[in-house]
Amino acid sequence: MGPGVTRPALALATLLSLLAPASQALAYEDQLTLGLSAGYAHAPRATDSHGVVVDAAVGIGLDPVWTLRLRGGYGLHPGDQATHLGLATGELLYVIDVLEVVPYFGLGAGGLLAVADGGSTADAIAGPVVGADYLLSRELALSLDLRLKVRLTALDDDPFYFVAAGGVVIFFDLY
């Protein structure tokens, strides 16, 4: 192909891109999100290591790429001595707005309260978050995320807690 073929093709592509309607931006900036999720939880060194977790989250888009999310949840590890967990975390997420699938990653920190066999322990937790939202519309998405929670105050005992959850996210424009 010579330069004579390339220039008309480039001109046609430029003209078509100017005539096409602009795609709707779906960044989380200036949006409030509410989410509910449920999933699998794993505490590798625990007697009843497999469990379930449910949680609720509220988030706010700080700018086109950063989102702050607060999350509260309940975990249950059934067994001979069931363990009940209360989890509260704040997460700072970097959001990559790519068409219908919006991947994100970040860090979270907070606390974990474990109640088992009449006793309880409280631990500070922190760890990475990675996930993605599948945008069904401008107001609704399906989410899937993975979170590793490191129990900072129990590093010698049972430091890791893994959560894999799926859920629904509702978006609200703030302005």
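Atom set for the values below is all heavy atoms of this structure, side chains included, hydrogens, waters and symmetry mates excluded. Small disclaimer: the values here were computed from a predicted structure and weren't measured. Counting begins at 1 with the first residue of the sequence.
- When all heavy atoms are compared, the tightest approach of Pro44 to Ser49 is O-CB, 4.3 Å.
- Annotation: the span from Glu100 atom CD to Leu135 atom CG amounts to 7.5 Å, rounded to 0.5 Å.
- Not counting sequence neighbours, the partners of Phe171 by the ring pair (Phe, Tyr, Trp, His ring centres under 6.0 Å) test are Tyr28.
- Interatomic distance, Tyr161 OH to His77 NE2, rounded to the nearest 0.5 Å: 3.0 Å.
- Ile170 and Val54 sit in two unconnected hydrophobic clusters of ILVMFWY residues. Membership requires side-chain heavy atoms under 4.5 Å apart, directly or through other members.
- Side-chain contact between Pro64 and Asp97: absent, with no pair of heavy atoms (C-beta onward) separated by less than 4.5 Å.
- Every residue two or more places apart in sequence or in another chain that forms a side chain to side chain contact (heavy atoms under 4.5 Å, CB included) with Leu34 is listed here: Val58, Phe172.
- Nearest approach of Ser37 to Ala165, heavy atoms of both residues: OG-CB, 4.0 Å.
- By the criterion of side-chain heavy atoms lying less than 4.5 angstrom apart, applied directly or through intervening Ile, Leu, Val, Met, Phe, Trp or Tyr residues, Leu144 is not grouped with Tyr94; the two fall into different hydrophobic clusters.
- Panel note: side chain Thr153, backbone Ala124; a donor-acceptor pair is recorded below 3.5 Å.
- Closest of all the heavy-atom pairs between Ala56 and Leu36 is CB-CD2, 3.8 Å.
- Here the straight-line distance linking atom CZ of Arg151 with atom CG of Leu112 works out to 6.0 Å at 0.5 Å rounding.
- Contact check for Leu76 versus Pro78: side-chain heavy atoms found under the 4.5 Å cut-off.
- When side chains are defined from C-beta on, Val65 does not count as touching Glu29, because their heavy atoms never get closer than 4.5 Å.
- Linking Ile, Leu, Val, Met, Phe, Trp and Tyr residues whenever their side-chain heavy atoms come within less than 4.5 Å leaves Val150 and Val130 in two separate clusters.
- Counting heavy atoms from C-beta outward, Leu174 and Ile60 have side chains that approach closer than 4.5 Å.
- Taking Ala164 as the reference, Leu146 meet the side chain to side chain contact (heavy atoms under 4.5 Å, CB included) condition, with sequence neighbours excluded.
- Within the 4.5 Å cutoff, the side chain of Val168 has heavy atoms near those of the Leu140 side chain.
- Neither Leu155 nor Leu85 shares a network with the other; the hydrophobic side chains, linked directly or stepwise wherever heavy atoms of I, L, V, M, F, W or Y lie under 4.5 Å apart, form separate groups for each.
- Of all heavy-atom pairs spanning Trp66 and Asp63, the tightest one is N-OD1, 2.8 Å.
- With a 4.5 Å cut-off on side-chain heavy atoms, Val129 and Phe105 do not count as touching.
- A salt bridge links Asp55 to Arg147: at least one charged side-chain nitrogen sits closer than 4.0 Å to a carboxylate oxygen.
- The residues Asp145 and Arg71 are annotated as salt-bridged, a charged nitrogen and a carboxylate oxygen being separated by less than 4.0 angstrom.
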Before giving the answer on side chain to side chain donor-acceptor pair (under 3.5 Å), spell out for Tyr40 and His50 the whole-Å C-alpha distance, their side-chain angles and the decisive distance to 0.1 Å.
CA-CA 8 Å; Tyr40 170 75; His50 304 286; 2.3 Å; yes
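- Tracing side-chain contacts under 4.5 Å through hydrophobic residues (I, L, V, M, F, W, Y), one never reaches Leu107 starting from Ile125; they form parts of separate clusters.
- Considering every non-hydrogen atom in both Ser120 and Leu113, the closest pair reads CB-CD1, 4.3 Å.
- Interatomic distance, Leu70 CG to Thr89 OG1, rounded to the nearest 0.5 Å: 8.0 Å.
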Given side chain to side chain contact (heavy atoms under 4.5 Å, CB included), test Glu139 with Gln31 step by step and report yes or no.
CA-CA 10 Å; Glu139 295 83 24; Gln31 287 187 320; over 6 Å; no
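- For the residue pair His84 / Tyr74, a side-chain donor-acceptor distance below 3.5 Å is found, with atom types taken as modelled.
- Atom OG1 of Thr33 is separated from atom CZ of Arg69 by 5.5 Å, given to the nearest 0.5 angstrom.
- With rounding to the nearest 0.5 angstrom, the OG1 atom of Thr67 is 6.5 Å from the CG atom of Leu62.
- Residue Asp80 qualifies as open at atom CG: its count of foreign heavy atoms under 6.0 Å is 12 or below.
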